[in-house]
Asker: 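I have a structure I would like to understand better, so I am pasting it below and will then ask my questions one at a time.
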Amino acid sequence: MRPWRLPLQLRPGAGPGGVTVPRAGLKKLVIPPDYSGVTMPEKTKLKFMDKVPAVPKVKREPRQLRDIRGPSREATDFTQGHYGILALGGGYLHWGHFEMIRLTIGRSMNPKTMFAIWRVPAPYKPVTRKSLGHRMGGGKGPIDHYVTAVKTGRLVVEIGGRCEFEEVKPFLTQVAKKLPFPAVPISRDGLEQLRREEEEKKLNNQNPWTFERIVTANMLGMRRYLSPYDLKFQGRYWGKFFLKHRV
């Protein structure tokens, strides 16, 4: 059964002749962002990275896995851009990764309103490999390719210009999924919030048995089983992995 309603002439707001008079409502408009302080560089796209370093002769080096262990002390803060890709683990970038990043970002960004810069150097570390079916022995093999070492907390690339985070987040996420280590797209505000959450987690920790306290007291003689890296990084880094749940 339909509910009873007032006739059109008796409804509030009806004008002469029973015609409803439209009323103008107040619109809440969003203030557009201010890009007056943004400075666009001369070249807005990512530059091409050389596959082989331009040096006379590169010396063959040991693996040195400490290159990707622990937190990064380089390129941890934004310089020119406002958005970027943050590494959440350690790993090696090959030349193919550089090309994937350069092409994906170059096709997706608008060079008239955006710019991108590298925060990692070109491949510099030689990786040796022996040919297939080669016998054991005979010394270290020849150089096969070059890589770039990346530690946890390092920015791989920066994006800036007259744009918002929601515009660049889709293709930054696409790039981050293809990297050989866990990475996420992040902004300046997001990076500061991430660091504040880490500090709050450390200050508001209610568990008295922290890794630092247990190791300092040498409970159950556990120092016999720990490496110097565990003592240095307080158990938050295991090889190239970052254990974010530990405090």
Side-chain angles (χ1 to χ4, degrees), residues 32-51 53-54 67-125 146-199 237 240-242 244:
D34 183 19
Y35 298 121
S36 58
V38 176
T39 304
M40 299 289 291
E42 184 178 353
K43 295 183 179 180
T44 57
K45 289 192 174 182
L46 293 172
K47 69 174 185 178
F48 178 81
M49 289 292 194
D50 295 329
K51 194 172 185 179
D67 292 344
I68 59 176
R69 187 201 302 260
S72 176
R73 297 186 179 180
E74 300 176 351
T76 56
D77 297 314
F78 287 92
T79 55
Q80 302 180 33
H82 291 79
Y83 322 109
I85 298 178
L86 180 69
L88 299 180
Y92 293 109
L93 288 176
H94 298 249
W95 180 77
H97 295 129
F98 283 93
E99 281 298 283
M100 178 270 299
I101 296 172
R102 184 179 67 88
L103 295 176
T104 304
I105 294 180
R107 292 167 182 163
S108 304
M109 65 178 280
N110 184 2
K112 296 182 179 179
T113 59
M114 305 179 190
F115 67 89
I117 58 174
W118 291 110
R119 295 307 307 274
V120 288
Y124 62 90
K125 183 177 180 179
Y146 296 83
V147 296
T148 297
V150 177
K151 290 186 177 182
T152 305
R154 177 162 190 159
L155 292 170
V156 179
V157 67
E158 284 187 24
I159 305 289
R162 297 184 292 273
C163 59
E164 293 296 318
F165 185 52
E166 297 302 327
E167 300 179 43
V168 301
K169 186 177 180 180
F171 61 85
L172 289 183
T173 304
Q174 181 182 356
V175 171
K177 289 181 179 179
K178 297 180 181 179
L179 294 179
F181 44 79
V184 292
I186 200 166
S187 61
R188 282 182 182 252
D189 299 336
L191 184 60
E192 294 177 0
Q193 182 181 358
L194 185 65
R195 291 176 178 173
R196 284 196 301 267
E197 291 177 356
E198 290 288 334
E199 291 295 330
Y237 296 88
K240 64 178 182 179
F241 301 102
F242 171 56
K244 61 181 180 180

Asker: Among residues at least two apart in sequence or on other chains, which ones pass salt bridge (Lys or Arg N to Asp or Glu O under 4.0 Å) with R69?
Answerer: none
Asker: How far does CD1 of I159 sit from NE2 of H82, to the nearest 0.5 angstrom?
Answerer: 12.5 Å
Asker: Please enumerate all residues that pass side chain to side chain donor-acceptor pair (under 3.5 Å) together with T39, with sequence neighbours excluded.
Answerer: none
Asker: Could you work out, with side chain to side chain donor-acceptor pair (under 3.5 Å) as the rule, every residue matching E192, not counting sequence neighbours?
Answerer: none
Asker: Could you tell me which residues satisfy ring pair (Phe, Tyr, Trp, His ring centres under 6.0 Å) with F165, sequence neighbours excluded, listed by chain and number?
Answerer: Y83
Asker: Holding to side chain to side chain donor-acceptor pair (under 3.5 Å), I want the full list of residues that pass it with Q80, two or more places apart in sequence or in another chain.
Answerer: none
Asker: Atom CE of M40 and atom OG1 of T113: how far apart are they, to the nearest 0.5 Å?
Answerer: 6.5 Å
Asker: Looking only at non-hydrogen atoms, find the nearest pair between T76 and G153 and report the distance.
Answerer: CG2-O, 3.6 Å
Asker: Output all residues satisfying salt bridge (Lys or Arg N to Asp or Glu O under 4.0 Å) with D77, sequence neighbours left out; order by chain, then residue number.
Answerer: R195
Asker: Between OG1 of T173 and NZ of K178, what distance do you get to the nearest 0.5 Å?
Answerer: 12.0 Å
Asker: Excluding sequence neighbours, so at least two apart, what forms ring pair (Phe, Tyr, Trp, His ring centres under 6.0 Å) with F115?
Answerer: none
Asker: Got a list of side-chain donor-acceptor pairs under 3.5 Å for residues 181-191, not counting sequence neighbours?
Answerer:
| residue | atom | partner | partner atom | Å |
| --- | --- | --- | --- | --- |
| S187 | OG | G190 | N | 3.2 |
| R188 | NE | G81 | O | 2.9 |
| R188 | NH2 | G81 | O | 3.0 |

Asker: Partners of K240 by salt bridge (Lys or Arg N to Asp or Glu O under 4.0 Å), sequence neighbours excluded?
Answerer: none
Asker: Minimum heavy-atom separation for I68 to A149, with atom names?
Answerer: CG2-CB, 4.0 Å
Asker: What salt bridge (charged side-chain N to carboxylate O under 4.0 Å, His left out) pairs are there with at least one residue in residues 149-175, not counting sequence neighbours?
Answerer: E74-R154, R119-E158
Asker: Just how far is it from atom CG of L88 to atom NZ of K244, taken to the nearest 0.5 Å?
Answerer: 7.0 Å
Asker: How far apart are the closest heavy atoms of T152 and G89, and which atoms are they?
Answerer: OG1-CA, 3.4 Å
Asker: Residues two or more places apart in sequence or in another chain: which of them pass ring pair (Phe, Tyr, Trp, His ring centres under 6.0 Å) with H94?
Answerer: H97, H145
Asker: The criterion is ring pair (Phe, Tyr, Trp, His ring centres under 6.0 Å); which residues satisfy it with F98, sequence neighbours excluded?
Answerer: W118
Asker: Within the 4.5 Å heavy-atom criterion, are P123 and V147 side-chain neighbours or not?
Answerer: no
Asker: Would you compute the distance between atom OH of Y146 and atom OH of Y92 and round it to the nearest 0.5 angstrom?
Answerer: 15.5 Å
Asker: I need the minimum non-hydrogen distance between C163 and V168, along with the two atoms involved.
Answerer: SG-CG1, 4.1 Å
Asker: Looking at side-chain heavy atoms only, is the closest gap between L179 and I101 below 4.5 Å?
Answerer: yes
Asker: Nearest 0.5 Å, please: how far is CZ in F78 from CG in L86?
Answerer: 7.5 Å
Asker: Any idea which heavy atoms bring V175 and T104 closest together, and the distance?
Answerer: CG2-CG2, 3.7 Å
Asker: Please give me the minimum heavy-atom distance between A122 and M49, naming the atom from each residue.
Answerer: CB-SD, 3.6 Å
Asker: Could you tell me whether R102 and E99 have a side-chain N and a carboxylate O separated by less than 4.0 Å?
Answerer: yes
Asker: Would you call the rings of Y237 and F242 parallel, tilted or perpendicular if under 30° counts as parallel and over 60° as perpendicular?
Answerer: tilted
